[in-house]
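Input: a single structure, listed below in structure tokens.
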Amino acid sequence: MIVLVGIEGKGRGSQQHTVAPGESLSLIAGRYWKDVLLWPLLHDANQATIGLDPNQLTSGQVLTVPDLTSFTPGEISNARQRGQHW
């Protein structure tokens, strides 16, 4: 089930995603946004849940997947660049 929730000052809403075994932020970004390089946006939005290391996802964690339209073209470009160099 997908739940839409508002993010203060950002876009029309977001979705909640429960991490399944073996998932990574890049896989989740690819699923929702069709671009695996945007995983830094997921990490930024969920750092309080994930921690500093984006590779430390735990099965069962509930992540917020922001509405991609809430980001500027510059933020998206920056995330793609960061996504290539982790």
Side-chain angles (χ1 to χ4, degrees):
M1 180 162 106
I2 296 174
V3 179
L4 296 178
V5 296
I7 293 182
E8 186 175 324
K10 292 283 190 180
R12 292 173 286 169
S14 63
Q15 299 177 39
Q16 299 297 303
H17 176 83
T18 302
V19 177
E23 280 190 312
S24 65
L25 290 177
S26 60
L27 287 175
I28 296 167
R31 175 180 173 191
Y32 286 91
W33 300 326
K34 309 298 185 232
D35 189 337
V36 297
L37 293 178
L38 293 180
W39 67 262
L41 297 176
L42 286 173
H43 185 245
D44 294 346
N46 294 282
Q47 194 166 347
T49 300
I50 300 168
L52 294 176
D53 186 345
N55 294 314
Q56 295 301 311
L57 287 184
T58 303
S59 180
Q61 285 177 316
V62 178
L63 305 180
T64 297
V65 181
D67 181 350
L68 196 55
T69 64
S70 67
F71 298 100
T72 67
E75 289 171 322
I76 290 172
S77 176
N78 179 275
R80 282 192 184 114
Q81 289 177 3
R82 292 187 301 151
Q84 293 178 32
H85 300 290
W86 176 258

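Counting begins at 1 with the first residue of the sequence.
- The CH2 atom of Trp39 lies 12.5 Å from the CG atom of Leu27; values are rounded to the nearest 0.5 Å.
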Side-chain donor-acceptor distances from residues 47-61 under 3.5 Å, at least two apart:
{"unit_1": "Asp53", "atom_1": "OD1", "unit_2": "Asn55", "atom_2": "N", "d": "2.8"}
{"unit_1": "Gln61", "atom_1": "OE1", "unit_2": "Thr58", "atom_2": "N", "d": "2.8"}
{"unit_1": "Gln61", "atom_1": "NE2", "unit_2": "Thr49", "atom_2": "O", "d": "3.2"}

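- Ile28 places a side-chain heavy atom less than 4.5 Å from the side chain of Leu63.
- To the nearest 0.5 angstrom, Arg80 atom CZ is 12.5 Å from Glu75 atom CD.
- Contact of the Leu68 side chain with the Leu41 side chain is registered, since non-hydrogen atoms from C-beta on lie closer than 4.5 Å.
- The two residues Leu42 and Ala29 come nearest to each other via the heavy atoms CD1-N, 3.6 Å.
- Evaluation of the side chain to side chain donor-acceptor pair (under 3.5 Å) rule for Arg82 yields Asp44, Asn78 as partners, not counting sequence neighbours.
- Scored by the side chain to side chain donor-acceptor pair (under 3.5 Å) test, Ser24 finds Ser26 as partners (sequence neighbours excluded).
- Inter-residue side-chain proximity for Trp33 and Val65 is flagged as met; some heavy-atom pair is nearer than 4.5 Å.
- Gln16 has its side chain within reach of Thr64: a pair of non-hydrogen atoms, C-beta onward, lies under 4.5 Å apart.
- The side-chain heavy atoms of Asp67 and Ser14, taken from C-beta on, include no pair separated by under 4.5 Å.
- Distance check, rounded to the nearest 0.5 Å: NE2 of His17 to OH of Tyr32 gives 5.0 Å.
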